[in-house]
2 protein chains.
Amino acid sequence: MTPNERIGRSLLRQEVSERIKRYILDNRLRPGSPLPTENELCAALGASRSSVREAIKTLGALDIVEVRHGHGTYVGGLSLSALVEGLTFRGLLGPDDEFGVLSDLVEVRELFERGNAAKIVGTLEESHVDELDALVDQMARGEDIVAADRAFHALLVQPLGNALVSQLTDAFWDVYTAVAPHLGVPTDENDTVVLHRAIIAAARTANLTAFADAVIAHYTPIRTRIAAARA
Amino acid sequence: MTPNERIGRSLLRQEVSERIKRYILDNRLRPGSPLPTENELCAALGASRSSVREAIKTLGALDIVEVRHGHGTYVGGLSLSALVEGLTFRGLLGPDDEFGVLSDLVEVRELFERGNAAKIVGTLEESHVDELDALVDQMARGEDIVAADRAFHALLVQPLGNALVSQLTDAFWDVYTAVAPHLGVPTDENDTVVLHRAIIAAARTANLTAFADAVIAHYTPIRTRIAAARA
DNA sequence: GAATGTAGGATTGTTGAACAATGGGATTGT
DNA sequence: ACAATCCCATTGTTCAACAATCCTACATTC
């Protein structure tokens with residue numbers, strides 16, 4: 001496809017990108033399904049390999065496509081990795097508070113847990129609470145505190161049955177842990193055990209306001225640290 | 001940089017991508033700031049133009065960088081466009097409910113408004129309420145109902161002062177309007193005026209529970225439509 | 001026979017050069 | 001002063017060649 005043949009149309013690699021997406025949709029492919037090779041795509045779409053590759057790289061950044069060197073190209077995991085990378089960069093670029101990424105982030109995470117208190121407490125089963133307890137025990141023993149903390153909150157919102165909330169929770173956690181150190185936000189872990197136990201206790205008694213308060217109490221020191229780091 | 005010189009290291013375009021991000025961070029560039037030309041980047045980073053371009057395309061997909069044909073490359077707007085494209089594709093790929101993208105989406109939007117009722121009602125000023133009213137008037141007149149609806153909800157969460165919530169609200173709206181038609185979800189607009197007026201009325205009286213109920217009532221028909229479209 | 005090593009093919013990664021398309025500014029002409 | 005034109009810098013696209021990687025199949029060895 002010589003450039004002359006597509007006057008007036010948009011950028012070629014953009015069209016190629018759209019056509020690859022369309023190909024996945026039309027063929028009902030699923031994450032992990034193999035895609036045609038670069039050369040096959042070149043022939044099928046009538047574009048040079050460079051254009052096809054640039055289009056693939058674009059889709060790769062969105063986790064719509066995943067490329068394995070020497071192996072092939074596959075449908076991606078459709079994760080929120082792009083959101084993580086984008087927000088992380090935003091957070092690193094604007095420590096001078098042009099964007100209050102960190103505090104906004106924490107606010108949303110808190111909202112996910114506090115605002116869904118009724119549903120969380122209502123559908124929380126005994127086994128879930130035990131798992132939460134086990135994670136706090138792990139934190140108390142000082143084993144992989146960060147991982148346990150992350151798993152705790154993931155588990156907390158899991159009963160909501162909302163995959164988007166779960167993935168956003170994870171994504172925001174990733175962004176926070178990536179950005180906070182660069183902004184001089186300390187990672188105080190003294191009260192974490194107590195604060196998490198309070199959340200569990202409130203969930204056990206199925207006391208909605210107590211649960212909401214415990215969640216707020218949990219995030220309060222974090223907000224304080226962020227506010228302090230700004231000054 | 002001949003391939004031999006970087007054995008063991010990761011992909012070149014990935015390194016180039018990281019170095020471009022670092023360049024922006026180190027030089028405290030802001031959205032709209034110009035970046036070096038492709039050839040300058042080639043020279044500075046010691047990579048071929050193809051590799052540099054693929055790296056730039058990756059960053060472009062994340063809106064970290066923006067490329068203008070024939071003009072130059074600039075720092076991007078750091079928007080959530082990547083999230084929109086990713087979620088939209090996910091929604092289109094999984095109408096068979098592998099991902100319940102649409103319902104998850106609406107649930108989060110509702111949570112943003114309902115869960116922050118206290119803060120919204122508390123900080124809502126007279127002028128804001130008037131603007132909300134004006135938007136509903138516009139909807140009642142049938143002028144650009146979709147745009148007015150979108151503006152309404154954007155304005156509703158604005159007093160939160162949380163840029164992330166505002167942008168996620170916008171992003172989710174975009175995804176919904178892009179995905180819903182393809183899934184056969186009808187866009188009934190009969191009750192919208194009444195339902196939006198109820199939200200305003202509750203906000204005016206500063207009645208928190210009434211506000212939350214009005215928000216729930218507003219989203220109920222949407223959830224019903226999504227559920228119906230699944231069956 | 002099983003484990004290991006090796007050679008080959010297929011696929012993506014990288015390079016370099018050349019030309020097209022675009023946008024904006026400088027030049028020119030009136 | 002204004003407009004049209006030309007020119008130049010920059011990004012878009014193509015092509016061809018070779019490198020790096022992964023997997024498979026085969027051969028080797030114990």
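For the numbers below, each heavy atom of this structure counts, side chains included, while hydrogens, waters and symmetry mates do not. Labels below follow one simple rule: chain letters A, B, ... track the order of the sequence lines, proteins then strands, and each chain is numbered from 1.
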Please confirm whether the shortest side-chain N or O distance from [X] to OP1 or OP2 of [N] is below 4.0 Å.
X       : N      : value
B:Thr73 : D:dT10 : no
A:Arg53 : C:dG13 : yes
A:Arg13 : D:dG12 : yes

Inset, instruction - Could you walk me through whether A:Val101 and A:Val179 pass side chain to side chain contact (heavy atoms under 4.5 Å, CB included), step by step? - result: CA-CA 9 Å; A:Val101 179; A:Val179 173; 5.8 Å; no
Inset, instruction - Give the nucleotide from the list D:dT10, D:dT13, C:dG13 with an atom nearest to the side chain of A:Lys57. - result: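 Per side-chain heavy atoms of A:Lys57, the pick is C:dG13.
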Legend entry - Touch class at under 4.0 angstrom, heavy-atom based, for A:Ser50 against every strand present: base
Inset, instruction - Have a look at B:His69 and say if it touches a base, only the backbone sugar-phosphate, or nothing, with a 4.0 Å heavy-atom cut-off. - result: base
What is the distance from [atom1] of [X] to [atom2] of [N], rounded to the nearest Å?
X       : N      : atom1 : atom2 : answer
A:Glu38 : D:dA17 : CD    : P     : 18 Å
A:Glu66 : C:dT11 : CD    : P     : 17 Å
A:Glu54 : C:dT15 : CD    : C1'   : 14 Å
B:Glu15 : C:dT15 : CD    : P     : 11 Å
A:Leu45 : D:dT13 : CG    : P     : 13 Å
B:Gln14 : C:dT14 : CD    : C1'   : 15 Å
B:Leu12 : C:dT12 : CG    : P     : 18 Å
B:Asn39 : D:dG12 : CG    : P     : 12 Å

Legend entry - B:Glu107 and B:Tyr219 side chains, donor-acceptor separation under 3.5 Å: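 No, no side-chain donor-acceptor pair sits under 3.5 Å.
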Legend entry - Side-chain donor-acceptor pair present, A:Asp149, A:His196, cut-off under 3.5 Å: yes
Legend entry - Check ion pair A:Glu54-A:Lys57 (N to O, under 4.0 angstrom):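 Salt bridge: no.
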Inset, instruction - Name the residue closer to the 5' end of DNA chain D, choosing between B:Glu40 and A:Gly70 according to the nucleotide with the nearest heavy atom. - result: B:Glu40
Legend entry - Option passing side-chain contact (heavy atoms from CB on, under 4.5 Å) with B:Ile200 (candidates B:Asp130, B:Leu124, B:Leu135, B:Leu132):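 For B:Ile200, the side-chain contact (heavy atoms from CB on, under 4.5 Å) check succeeds only for B:Leu132.
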Inset, instruction - Look at the side chain of B:Arg49 against the base of D:dG12 and say whether a donor-acceptor pair falls under 3.5 Å; ignore hydrogens and angles. - result: yes
Legend entry - C:dC19 pairs with, by Watson-Crick or G-U criteria that keep both distances under 3.5 Å: D:dG12
